[in-house]
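Here is the structure we will look at.
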Amino acid sequence: MSIDWHALGTVFSVTLLSTVGLVGVFTLGIVGTSRRGPGGAAALSRTGGYVCFAACTAAVAYGIALIVS
């Protein structure tokens, strides 16, 4: 039995980067939607937060589609 270390390292790297990236985008979504205050900056921040949540949803849906197919 032999282990393809290069493939294992590739899977580990992609998994680590995508997890950190997804958590980062989700965190930006939380920060964006929690901003309060008057003016257009808060509305723009809230819209950006919703875009971050949509990106997270799309990434999770894509991952599930990859697993199912």
Side-chain angles (χ1 to χ4, degrees):
M1 180 170 139
S2 66
I3 298 173
D4 186 0
W5 290 103
H6 178 69
L8 183 64
T10 302
V11 169
F12 176 77
S13 301
V14 169
T15 303
L16 182 66
L17 289 175
S18 61
T19 301
V20 169
L22 194 62
V23 168
V25 171
F26 190 79
T27 302
L28 287 175
I30 291 173
V31 169
T33 56
S34 66
R35 254 187 106 153
R36 300 280 188 247
L44 184 61
S45 177
R46 183 166 296 140
T47 302
Y50 292 143
V51 169
C52 289
F53 288 142
C56 287
T57 303
V60 169
Y62 179 67
I64 291 172
L66 284 176
I67 292 171
V68 170
S69 66

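In this chain, numbering begins with 1 at the start of the sequence shown.
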Open item on the list: Checking Leu44 now: which residues fulfil side chain to side chain contact (heavy atoms under 4.5 Å, CB included) with it, not counting sequence neighbours?
Closed with: none
Task: Contacts of Val11 that satisfy side chain to side chain contact (heavy atoms under 4.5 Å, CB included) - sequence neighbours left out - done: Thr15
TODO: Mind checking the OG1-OH spacing from Thr57 to Tyr50? Nearest 0.5 Å is all I need.
DONE: 13.0 Å
Open item on the list: Membership question, hydrophobic clusters at under 4.5 Å side-chain separation (ILVMFWY): are Val31 and Phe53 in the same one?
Closed with: no
- [ ] Measure the spacing between CG of Leu22 and CG of Leu17 and express it to the nearest 0.5 Å.
- [x] 12.5 Å
Open item on the list: Keeping Thr10 on the side-chain end and His6 on the backbone end, is there a donor-acceptor pair under 3.5 Å?
Closed with: yes
Task: Euclidean distance, Ile64 CD1 relative to Ser69 OG, rounded to 0.5 Å - done: 12.0 Å
TODO: Considering non-hydrogen atoms only, spot the tightest contact between Arg46 and Arg35 and give its length.
DONE: NH2-O, 3.3 Å
Open item on the list: Please check: side-chain N/O of Ser45 versus main-chain N/O of Gly32, any donor-acceptor pairing under 3.5 Å?
Closed with: yes
TODO: Considering non-hydrogen atoms only, spot the tightest contact between Leu28 and Cys52 and give its length.
DONE: CB-SG, 3.9 Å
